[in-house]
Amino acid sequence: MANIKSAKKRILVNNKKHERNKAIKSRVKTETKKVYAAVEAGDKAAATEALAVATSVIEKAASKGVYHKNTAARKVSAIAKAVNTIA
């Protein structure tokens, strides 16, 4: 355990950021799964709607620094490609 006041504060701040980042990443995964579920079901309308929500969540995560911008772009590209495979 830290003894210095600033080190104690860093522990608190890091834990808070860790929880925030974990929640955001979890939301990204959930929204991505919804897109893939709609694609599996073959529901183009639901997949397109889920894609819009997932893209928004991923871009917000990237803007907050949770994901690198290239990682976010890769995730968006992958789900968009999956949606576009629906006939």
Side-chain angles (χ1 to χ4, degrees):
M1 183 64 197
N3 291 321
I4 298 169
K5 187 176 180 180
S6 62
K8 290 177 183 177
K9 182 178 179 182
R10 290 310 320 160
I11 289 170
L12 294 175
V13 171
N14 287 338
N15 286 340
K16 191 180 289 187
K17 286 184 177 182
H18 173 72
E19 291 300 320
R20 176 178 151 271
N21 290 345
K22 193 164 69 168
I24 292 171
K25 285 184 178 185
S26 177
R27 176 96 195 277
V28 167
K29 289 177 189 175
T30 301
E31 297 302 331
T32 303
K33 285 178 187 175
K34 287 179 185 177
V35 173
Y36 285 123
V39 169
E40 286 291 318
D43 189 351
K44 180 79 168 177
T48 305
E49 192 174 310
L51 174 65
V53 174
T55 301
S56 174
V57 170
I58 292 169
E59 293 299 330
K60 283 179 187 172
S63 72
K64 301 294 181 193
V66 178
Y67 286 117
H68 188 274
K69 65 182 178 105
N70 290 357
T71 302
R74 189 176 66 243
K75 288 179 179 295
V76 169
S77 175
I79 59 176
K81 186 176 178 183
V83 170
N84 289 335
T85 60
I86 299 174

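Hydrogens, waters and symmetry mates are skipped; everything else that's a heavy atom, side chains included, is used.
Across T55, T32, L51, a single residue satisfies side chain to side chain contact (heavy atoms under 4.5 Å, CB included) together with V76, and that is T55.
Residues G42 and I86 approach most closely at O-CG2, 4.1 Å, considering heavy atoms. Between V39 and T85, the shortest heavy-atom contact is CG1-OG1, 4.4 Å. Residue A54 comes nearest to V35 through the heavy atom pair CB-CG2, 3.9 Å, listed as atom of the first residue, atom of the second, then distance. Scanning both residues, A72 and A62, for their nearest heavy atoms gives CB-CB, 3.6 Å.
Side-chain atoms of S77 never come within 3.5 Å of backbone atoms of A73 as a donor-acceptor pair (strictly under, hydrogens ignored). Looking at T48, its side chain does come within 3.5 Å of a backbone N or O of K44 through a donor-acceptor pair.
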Please output the side-chain donor-acceptor pairs of residues 6-29 that fall under 3.5 Å, not counting sequence neighbours, one pair per line with the distance.
residue: N14; atom: ND2; partner: R10; partner atom: O; Å: 3.2
residue: N15; atom: ND2; partner: I11; partner atom: O; Å: 3.3
residue: N21; atom: ND2; partner: K17; partner atom: O; Å: 3.4
residue: R27; atom: NE; partner: E31; partner atom: OE2; Å: 3.3

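In this structure the side chain of K75 never reaches within 4.5 angstrom of the side chain of I79, judged on heavy atoms.
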